[in-house]
Amino acid sequence: MHFHRDRGFVHRASSEITPRRLAETRRDWLRDLALAAAGSSLGAFAARDALASTAPASRALPGLRSSVDGALTMEKLTPREDASGYNNFYEFGTDKADPAQRAQGLKTQPWRVSLEGEVKAPRTLDLDALIKLAPMEERVYRLRCVEGWSMVVPWLGWSLSHLIKAAEPTGNAKFVQFVTLADAAQMPGLRSRVLDWPYVEALRMDEAMHPLAMLVFGMYGELLPPQNGAPLRLAVPWKYGFKSAKSIVAIRFLAQQPRTSWEKAAPSEYGFYSNVNPNVDHPRWSQASERRIGEDGLFAKRRRTLMFNGYEAQVGALYAGLDLKKFY
Ligand code: MTE
């Protein structure tokens with residue numbers, strides 16, 4: 001995919017991106033999305049791509065260019081092959097190549113997400129209903145992993161706030177917890193005790209309501225591949241990558257701050273907030289710089305890590321007065 005100032009996003013045909021056979025059945029909501037996009041001048045290219053790919057095997061997911069402040073990094077995109085070949089998804093193993101190798105059989109249809117806890121009325125939503133809740137948008141975010149690498153990825157989805165509003169949380173809801181799939185039959189990594197399954201993450205309510213916090217269904221113009229968290233995941237660009245939970249099955253509204261999987265595993269290393277911060281080192285390594293995936297090679301220069309991963313102007317106010325060394 002390329003970005004042209006005057007033409008918006010132009011996706012390469014998926015056959016150019018990868019020669020793999022696409023086996024998904026085209027579903028009605030793809031057509032709905034294409035029609036919605038066609039109704040907007042911004043979506044002209046997305047709609048053209050979607051309509052051009054009426055083949056039954058399409059995984060295309062058209063999206064309008066987002067107008068959310070900070071949603072469009074002009075940095076060079078990480079090649080798609082790198083973003084879906086070098087992954088952390090411990091349910092499929094701890095090696096970076098494990099998810100791409102072992103997650104391909106992940107069953108994402110049918111998929112239901114339950115909305116629970118401090119809400120007016122708990123309920124579950126089918127993926128097909130959920131994905132239509134708000135107009136699909138494309139956003140180019142940096143993802144900075146706590147391990148010291150980063151990527152630039154064109155995500156497809158919309159602000160998590162849309163779902164939170166639809167869930168109708170009660171006044172007691174102060175935190176939002178994300179529970180992800182833990183199915184031993186599909187996920188060989190669950191045999192290892194490396195984390196307490198299911199993988200759980202959480203945000204403070206005001207963080208979750210921030211427009212940059214994104215519920216993601218696709219990347220690079222297509223539905224998410226399994227190894228990147230199909231069929232839906234978070235992208236919280238100002239926090240370390242582990243906050244961006246993959247393959248979400250439940251969203252729970254809570255009065256108290258819950259413990260996250262990584263906090264339980266190593267509380268002195270991974271805090272609840274986990275905001276990207278070059279001035280607060282991990283106990284075992286510096287967080288001052290990062291390696292950009294896809295720019296490998298012995299002499300590739302490391303980049304300086306930015307406060308809040310470069311999103312300080314947008315999210316800094318959420319943490320006014322908070323001691324970021326204490327609340328890491
Ligand atoms: N979600 C689940 N369910 N399981 C995981 O192991 N790893 C996290 C996060 N979400 C993880 C997860 C970590 S450590 C990172 S850096 C990102 O996913 C990686 O996302 P990516 O593979 O799409 O780059």
Side-chain angles (χ1 to χ4, degrees), residues 77-104 106 108 111 113 139-157 160 177-184 186-203 213-220 222-252 260-266 269-271 274-276 282 285 287 290-294 305 309:
L77 295 183
T78 297
R80 178 204 166 97
E81 293 73 16
D82 294 311
S84 347
Y86 186 92
N87 300 101
N88 277 333
F89 199 165
Y90 278 18
E91 289 86 333
F92 293 99
T94 53
D95 198 273
K96 297 288 183 266
D98 285 343
Q101 278 168 16
R102 300 179 177 170
Q104 297 313 317
L106 179 68
T108 56
W111 191 279
V113 177
R139 303 183 184 178
V140 182
Y141 282 171
R142 267 178 238 108
L143 180 132
R144 168 60 158 84
C145 181
V146 73
E147 296 165 334
W149 49 267
S150 61
M151 300 187 183
V152 178
V153 175
W155 302 112
L156 289 149
L160 175 64
Q177 185 186 43
F178 304 89
V179 184
T180 73
L181 184 70
D183 179 359
Q186 300 191 73
M187 298 172 140
L190 264 52
R191 284 196 291 264
S192 149
R193 296 272 187 83
V194 61
L195 288 174
D196 183 20
W197 313 110
Y199 190 103
V200 283
E201 256 308 331
L203 297 169
M214 187 180 185
L215 202 58
V216 169
F217 301 92
M219 62 197 286
Y220 298 88
E222 295 191 342
L223 294 169
L224 280 173
Q227 63 269 34
N228 291 96
L232 78 159
R233 65 171 293 168
L234 289 179
V236 190
W238 69 96
K239 292 178 178 284
Y240 290 118
F242 65 85
K243 300 296 287 184
S244 293
K246 295 175 166 179
S247 304
I248 296 167
V249 293
I251 299 181
R252 239 172 239 158
T260 69
S261 289
W262 282 105
E263 261 186 296
K264 285 185 234 169
E269 302 191 5
Y270 309 104
S274 298
N275 292 313
V276 175
H282 186 279
W285 59 83
Q287 293 291 24
E290 65 203 53
R291 179 172 70 88
R292 183 60 53 83
I293 296 301
T305 289
N309 201 24

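Ligands are counted one by one from 1 in listed order, and the atoms in each one are counted from 1 as well. Count residues from 1 along the sequence.
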Trainee: Run the ring-centre check on Y90 versus Y199 and record whether the distance is less than 6.0 Å.
Mentor: no
Trainee: Looking only at protein heavy atoms, which one is nearest to atom 16 (S) of ligand 1, and how far off is it?
Mentor: C145 SG, 3.3 Å
Trainee: Using atom types as modelled and distance alone, determine if a side-chain donor or acceptor of N228 lies under 3.5 Å from a backbone N or O of A83.
Mentor: yes
Trainee: Over 60° means perpendicular and under 30° means parallel, so tell me whether F92 and F89 are parallel, tilted or perpendicular.
Mentor: perpendicular
Trainee: Between the side chains of R80 and E222, is the shortest nitrogen-to-carboxylate-oxygen separation below 4.0 Å, so that they form an ion pair?
Mentor: yes
Trainee: Indicate yes or no: does E201 engage K239 in a salt bridge with an N to O separation below 4.0 Å.
Mentor: no
Trainee: If I apply the N/O under 3.5 Å rule, does N87 come out as touching ligand 1?
Mentor: yes
Trainee: Specify side chain, backbone, both or neither for E91, according to which of its non-hydrogen atoms lie closer than 4.0 Å to ligand 1.
Mentor: side chain
Trainee: In chain order, what residues pass the side-chain hydrogen bond (donor to acceptor under 3.5 Å, both in side chains) check against R252, with sequence neighbours excluded?
Mentor: E116, Q177
Trainee: For atom 23 (O) of ligand 1, what's the nearest protein heavy-atom neighbour? Residue, atom name and distance, please.
Mentor: R233 NH1, 2.6 Å
Trainee: Taking 4.0 Å as the limit for heavy-atom contacts, which would you say applies to N88 with ligand 1: side chain only, backbone only, both, or neither?
Mentor: both
Trainee: Any N or O on N228 sitting closer than 3.5 Å to an N or O of ligand 1?
Mentor: yes
Trainee: Looking only at atom types and distance, does a side-chain atom of Q287 sit under 3.5 Å from a main-chain N or O of H282, one as donor and one as acceptor?
Mentor: no
Trainee: For P237, is there any backbone N or O sitting under 3.5 Å from a side-chain donor or acceptor partner on N309?
Mentor: yes
Trainee: R233 and L143: which non-hydrogen atoms are nearest, and at how many Å?
Mentor: NH2-CD1, 3.9 Å
Trainee: What protein heavy atom is closest to atom 17 (C) of ligand 1, reported as residue, atom name and distance in Å?
Mentor: G241 O, 3.5 Å
Trainee: Is the shortest heavy-atom distance from the side chain of R144 to the side chain of Y240 under 4.5 Å?
Mentor: yes
Trainee: May I ask you to list the atoms of ligand 1 that are less than 4.0 angstrom from any heavy atom of T180?
Mentor: 3 (N)
Trainee: What protein heavy atom lies closest to atom 8 (C) of ligand 1? Include the residue and the distance to one decimal.
Mentor: Y199 OH, 3.4 Å
Trainee: I need the nearest protein heavy-atom contact for atom 18 (O) of ligand 1: residue, atom name and distance, please.
Mentor: K246 CE, 3.4 Å
Trainee: Not counting sequence neighbours, which residues clear side-chain hydrogen bond (donor to acceptor under 3.5 Å, both in side chains) with S247? List them please.
Mentor: none
Trainee: Is it the side chain (CB and beyond), the backbone, both or neither of E201 that lies under 4.0 Å from ligand 1, heavy atoms counted?
Mentor: neither
Trainee: So which protein heavy atom does atom 10 (N) of ligand 1 come closest to, and at what separation?
Mentor: S244 O, 2.9 Å
Trainee: With nothing but distance in play, are any N or O atoms of Y86 less than 3.5 Å from an N or O of ligand 1?
Mentor: no
Trainee: Taking 4.0 angstrom as the limit and counting only heavy atoms of F89, give me the atoms of ligand 1 inside it, by number and element.
Mentor: 2 (C), 3 (N), 4 (N), 5 (C), 6 (O)
Trainee: Heavy atom of S247 under 4.0 Å from ligand 1?
Mentor: no
Trainee: Below a 4.0 angstrom heavy-atom separation, can you tell me which part of Y90, side chain or backbone, both or neither, approaches ligand 1?
Mentor: both
Trainee: Against ligand 1, does M219 come closer than 4.0 Å with any heavy atom?
Mentor: no
